[in-house]
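Below is one structure, written out as structure tokens, with a few remarks after it.
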Amino acid sequence: MRLLREKRAILFDLGTLNGLPGGLIMKVTDAFVTHTHIDHFIGFDHLLRNMLGSPVPLRIYGPSNIIECVAGKLKGYTWNLISGYPLNIDAYGISEDGIRHASFRAKDRFEPVEDTPQTQKKPFQGTIVKNDYFTVKAVVLEHDIESIGWSIEEDFHINIDKSALTDMEVETGPWLTDFKKKIRGGWPEDSLFTIPAGNRRIEMEFGELKRRIAMITSGQKVSYVMDSSPTPENIRKITGFAAGSDSLYLEAYFLDEDMERARERNHLTAGIAGRIARDAGVKNLHIMHYSPKYRQTAGAISREASEAFGARVHEASPYRQEN
Ligand SMILES: [Zn+2]
Ligand SMILES: [Zn+2]
């Protein structure tokens, strides 16, 4: 996902990344991994190779054992030539009982340093990243092992209507930064806001000023949920977590007729995917990650999901080898 305003990119899962242009991979600052089955983590090496010379830290988020998995990947190579490289990798392992953190520095040949003892883990309360532009949340799901579902919610945008300012005979300036900050902070509508206007000062009700000069557009929400067992608990959790998403990327591994197999293999069905998206009020459902057994009958998966969703679904990179 490209973050246009910040000129950087984030990844959901580290599957096969060979198809991504190198220039885009080098913009990656964060990877949000659902779990470390090989089809979701095999791209780590490709990412690392492209980022080795980068001065920007790389953050990898995933289930609790992601720290051991990153450490294991880094142990698989010989690192005598990188002591002058600036790359730092931070890994964050998420579980219901807290968030572990470890860092790996190129200058120390990627020797892991886990800075939080097991007993002092940061509590996990759902929000993993929050900055001025967006919030990333996680939900812990069951896939025989833990599988993390991810969502990213963009903050709303505030645009100022310049012609309205001209009409009011006031100029742009630092007061607009304060004004926008107060909108984001939910300042009371009836409080008085002071606008500098040359030698004068104009006082106006905050709500009235907002209506006159601010154009507020809501941001988007995108959710990404992969391998999950078809249990009522998972279904309930995913539905709540993905509620109101503009786009939901969801696995549709089996057909409903193979529900028994879906339970054994801890995967969702196309029908379940469609029903989750419908109940969560999702605008666009993107299904992916189908069992290779449907290679000849792929249309059946999107038909089943579309029928359950009540609208046509999108298909995204359907076939990945499952492990
Ligand atoms: Zn899996
Ligand atoms: Zn998988």
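Just so you know, ligand 1 is whichever comes first in the structure, and atom 1 is the first atom listed for that ligand.
Contact annotation: His267 places no N, O or S atom under 2.8 Å from the Zn ion (ligand 1). Residue His35: an N/O/S atom is found under 2.8 Å from the Zn ion (ligand 1). Using a cut-off of 2.8 Å, one finds that Glu251 contributes no N/O/S atom close to the Zn ion (ligand 2). Note on His289: counted as a metal contact of the Zn ion (ligand 2), an N/O/S atom lying under 2.8 Å.
Side chains of Asp13 and His35: no donor on one and acceptor on the other come within 3.5 Å.
In this structure, Arg184 satisfies the cation-pi test against Phe156, with its NZ or CZ atom closer than 6.0 Å to the six-membered ring centre and inside 45 degrees of the ring normal.
Take the Zn ion (ligand 1) as the corner point: the lines to OD2 of Asp227 and to ND1 of His37 open at 170°, to the nearest 10 degrees.
The closest approach of His143 to the Zn ion (ligand 1), by N/O/S atoms, is made by NE2. For Asp39, the N, O or S atom with the smallest separation from the Zn ion (ligand 2) is OD2.
Under 4.0 Å is where a charged nitrogen must lie from a carboxylate oxygen, and between Lys182 and Asp178 at least one such pair does. For Glu171 and Lys162, the salt-bridge test fails: no basic side-chain N is under 4.0 Å from an acidic carboxylate O.
Identified under the side-chain hydrogen bond (donor to acceptor under 3.5 Å, both in side chains) test for residues 43-53, with sequence neighbours left out: Asp45-Lys73, Asp45-Tyr77.
Under the 4.5 Å side-chain contact rule for hydrophobic residues, Ile25 and Phe12 do not share a cluster.
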